[in-house]
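Inspection log for the structure reproduced underneath, given as structure tokens.
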There are 2 protein chains.
Amino acid sequence: MPTLQDVAILAGVSTATVSRTLNKPELVEPVTRTKVAEAIKVSGYTRNEAARSLAMRSSRTIGLLTDNFASSYFAPIMDETVDILREYGYYTIVEATGNVANNIDPGKQRRAWQSLISRQVESIIVLSLLVDDAELENMLREFPNTVLIDRHVHEDSNRCITVDHYVGGQLAAKHLLDNGHRNIAMISGPENKPDANLRGKGFIDELLRQGCPIKENRIFQGDYTITSGTNAMQQILNGKDEVSAVFAQNDDMAAGVVNACYTAGIKVPEQMSVVGFDNSALATAVFPHLTTVSQPLKSMSHSAATLALNLSQRHQREGVLPNPQTHFMPALIERMSVMDIRPKQR
Amino acid sequence: MPTLQDVAILAGVSTATVSRTLNKPELVEPVTRTKVAEAIKVSGYTRNEAARSLAMRSSRTIGLLTDNFASSYFAPIMDETVDILREYGYYTIVEATGNVANNIDPGKQRRAWQSLISRQVESIIVLSLLVDDAELENMLREFPNTVLIDRHVHEDSNRCITVDHYVGGQLAAKHLLDNGHRNIAMISGPENKPDANLRGKGFIDELLRQGCPIKENRIFQGDYTITSGTNAMQQILNGKDEVSAVFAQNDDMAAGVVNACYTAGIKVPEQMSVVGFDNSALATAVFPHLTTVSQPLKSMSHSAATLALNLSQRHQREGVLPNPQTHFMPALIERMSVMDIRPKQR
DNA sequence: ATTACTGATGTAAGCGCTTACATTTGTACT
DNA sequence: AGTACAAATGTAAGCGCTTACATCAGTAAT
């Protein structure tokens, strides 16, 4: 592998000049600039980032900590983030905690986290629903340059990118109500997850406010997996309780609901309306396409990347980017899984 | 940030000793070992990987180049790979080419690739279906320490992890035939993709071999997207051609097929059987759950990671791992989307 | 007691960059 | 012609590690 030195000799200049033409071309004469460019080309030089990091005491690297890659919810965020970061010359190094629902390995979490830190990342973006709050606080104490997506830790709310799950729940409720539904069931996400709780609370409150309180026995516990949706729906169906609509707190469970309906010979949406949450890839894969609540993932990623950049070394040289929006509003995406059951116009 | 130096002073030893207790603890006296451990703890030291990389001329980093994170096919592979690599003390740095079907950006591809190389990765795992063959050859020339998943480049077949798509196609055909289907349609993947072509060829050949050749006009072109599956199926349905089963060359298109059937009021599998390919997350999300051909992604990832490790610097110190299997066989996963239409037993 | 090892530790060079500072060159004034 | 200053380039130190080599016990054999 050729080094800066090699290039310098080849071009007949000093290493400083080569370095400068690479990093601050405006400081070097156009003619030497081309000489150097030529030398780089013939030697096939690529800069050694390790040496650069060491010399600059800055790694130009942002860590991204996620639960696992399989979650459809993470993918768009990761795509976007990696993209923006590269645009600013930053690398993204990814670690996964390996967490999946019901299988959390604290050891692996810590190792992934440590791994990022010793890699001298300048900032970390946490995209994990499954690292628990206490652990998260620890991490933040250890490495404060962290931005959280969809998690909230009181101290530092301007480093949290959040979306209003409460409003999302309300949106779902409104939509069902607007379409004439009164006998409504809900399938919750994991008990201890604030996002799930808020979705539920928003939903319940809105129903109540519109004079149509949800019955206790129509609230079922799920855990965000497809099968938990299927199971809950089977209970609903077996209950011979006249339910016309169900709100599943995420799309995976909504898909499970649709599955259970088909199995039982119930038509969606004709006999059962369902609304999901997340607008994940599943929403348009199942039939009928799911009416769901979407989070503006793209904008959220953008904010996260910007925030991370601002926390990094970069801003000390090139200044800080305008501070991005951190709180976002969800929106209802109307598709085919909800039926209007209001009596026809007179 | 405390350095090795700081730790050494704190512990009253030389930097070499600290370094050794970190990397080859067996070379240092137990008592100094604990002294050093103590010093590390109180100072909160974490090693600077950049300096380490530079000194060792090895980054302990493997690059993973993918198309985008959203593809459900990639996720399990990435999960597994990152995991194994970390187990061996290796970092994974991920870059995405940003390619999605019908939207390929060669510039971004190259930048992602360059980015990995200047990061001094020791080896690259390419997990991309969309970088084209010519470009891939270029890349390999530039950086030969590369392992390819599910791509084939003639020169170096022991660096390609492949799965036998041809056999996969055969499996699909056999299954349909075994269940009594004779009027069969196929929806192809992208024209220029070898994997898609092989799936198709295996399927067609098997049909032919069993005396049931597929008609030309029952082969439809898709591009691996859900909507292309839907569109193709609509054509089939409109064609008033008596088809009882369709083979979609991936699960996304199969999901699209199911969608189109529902829209047209056709029941799956009662009136239309469908088999997909990939055993992706979608397969168990749609109703009925898809009968599909699965690739042993976990084993494949394992091989890829092992190969990458063997190509890295590591093997020069710690020796090479046994050479892993590189060619894999797919398997048919029977679920609910195919109906047995053979006449009942007498 | 001397010599010859062996094992634990220290010394210092060097990995490939960046950058403060020194030097050279060119330009525009007196 | 001489001075002052700016622009372009060079010199060399140092980023935080690893590791070959040197040093220094301590032990065992002569």
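Just so we're clear, the structure is a prediction, and the values are computed from it rather than from any experiment. In what follows, every chain begins at residue 1, and chains take the letters A, B, ... in the order their sequences are listed.
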From the set [options], return the single nucleotide nearest to any side-chain atom of [X].
| X | options | result |
| --- | --- | --- |
| A/R57 | D/dC15, D/dG16, C/dG16 | D/dC15 |
| B/V13 | D/dC17, D/dG10, C/dG10 | C/dG10 |
| B/M56 | D/dT18, C/dC15, C/dG10 | D/dT18 |
| B/S19 | C/dT9, C/dC17, D/dT19 | D/dT19 |
| A/A51 | D/dT9, C/dA12, C/dG16 | C/dG16 |
| B/N48 | D/dC17, D/dA12, C/dG16 | D/dC17 |

Lys/Arg-Asp/Glu bridge criterion (N-O < 4.0 Å) met for [X], [Y]:
| X | Y | answer |
| --- | --- | --- |
| A/R151 | A/D133 | yes |
| B/E29 | B/R20 | no |
| B/E95 | B/R111 | no |
| B/D83 | A/K108 | yes |

Starting from the C-alpha separation in whole Å, work towards a yes-or-no answer on salt bridge (Lys or Arg N to Asp or Glu O under 4.0 Å) for A/R33 and A/E38. CA-CA 9 Å; A/R33 209 144 64 192; A/E38 183 62 19; over 6 Å; no
Using five pairs at either end of the helix from C/dA1-D/dT30 to C/dT30-D/dA1, determine the angle between the two local helix axes and round it to 10 degrees. 50°
Whole Å only: how far is the [atom1] atom of [X] from the [atom2] atom of [N]?
| X | N | atom1 | atom2 | result |
| --- | --- | --- | --- | --- |
| B/L4 | D/dC15 | CG | P | 13 Å |
| A/L27 | D/dA6 | CG | C1' | 13 Å |
| A/L54 | D/dT18 | CG | P | 12 Å |
| B/R60 | D/dG16 | CZ | P | 21 Å |
| B/R52 | D/dT18 | CZ | P | 5 Å |
| A/L22 | C/dT19 | CG | C1' | 14 Å |
| A/E26 | D/dA6 | CD | C1' | 16 Å |
| B/E49 | C/dG16 | CD | P | 18 Å |

Distance-only polar pair, side chains of [X] and [Y], donor-acceptor under 3.5 Å:
| X | Y | answer |
| --- | --- | --- |
| A/S128 | A/D67 | yes |
| A/R57 | B/N48 | no |
| B/Y90 | B/S312 | yes |
| B/N145 | B/E122 | no |

Pick from A/L136, A/T97, A/L130: which one makes a side chain to side chain contact (heavy atoms under 4.5 Å, CB included) with A/Q109? A/T97
When A/M1 and B/V31 are each assigned the nearest nucleotide of DNA chain C, the 5'-most assignment goes to B/V31
Would you indicate what A/T32 reaches in the nucleic acid, counting non-hydrogen atoms under 4.0 angstrom: base, sugar-phosphate, or nothing? sugar-phosphate
Under a 4.0 Å heavy-atom cutoff, the residues of residues 36-47 of chain A touching DNA chain D are none
Indicate for each nucleotide in nucleotides 20-27 of chain D, in 5' to 3' sequence, whether protein heavy atoms under 4.0 Å reach the base (B), only the sugar-phosphate (S), or nothing (-). --------
Give the ring-plane orientation class for A/F143 versus A/W113, where under 30° counts as parallel, over 60° as perpendicular and anything between as tilted. perpendicular
Is there a side-chain polar atom (N or O) of A/T3 under 4.0 Å from OP1 or OP2 of C/dG16? no
Has A/T17 got a side-chain N or O lying under 4.0 Å from the OP1 or OP2 atom of D/dG10? yes
Using a 4.5 Å cut-off on heavy atoms from C-beta on, say whether the side chain of B/V163 contacts that of B/M300. yes
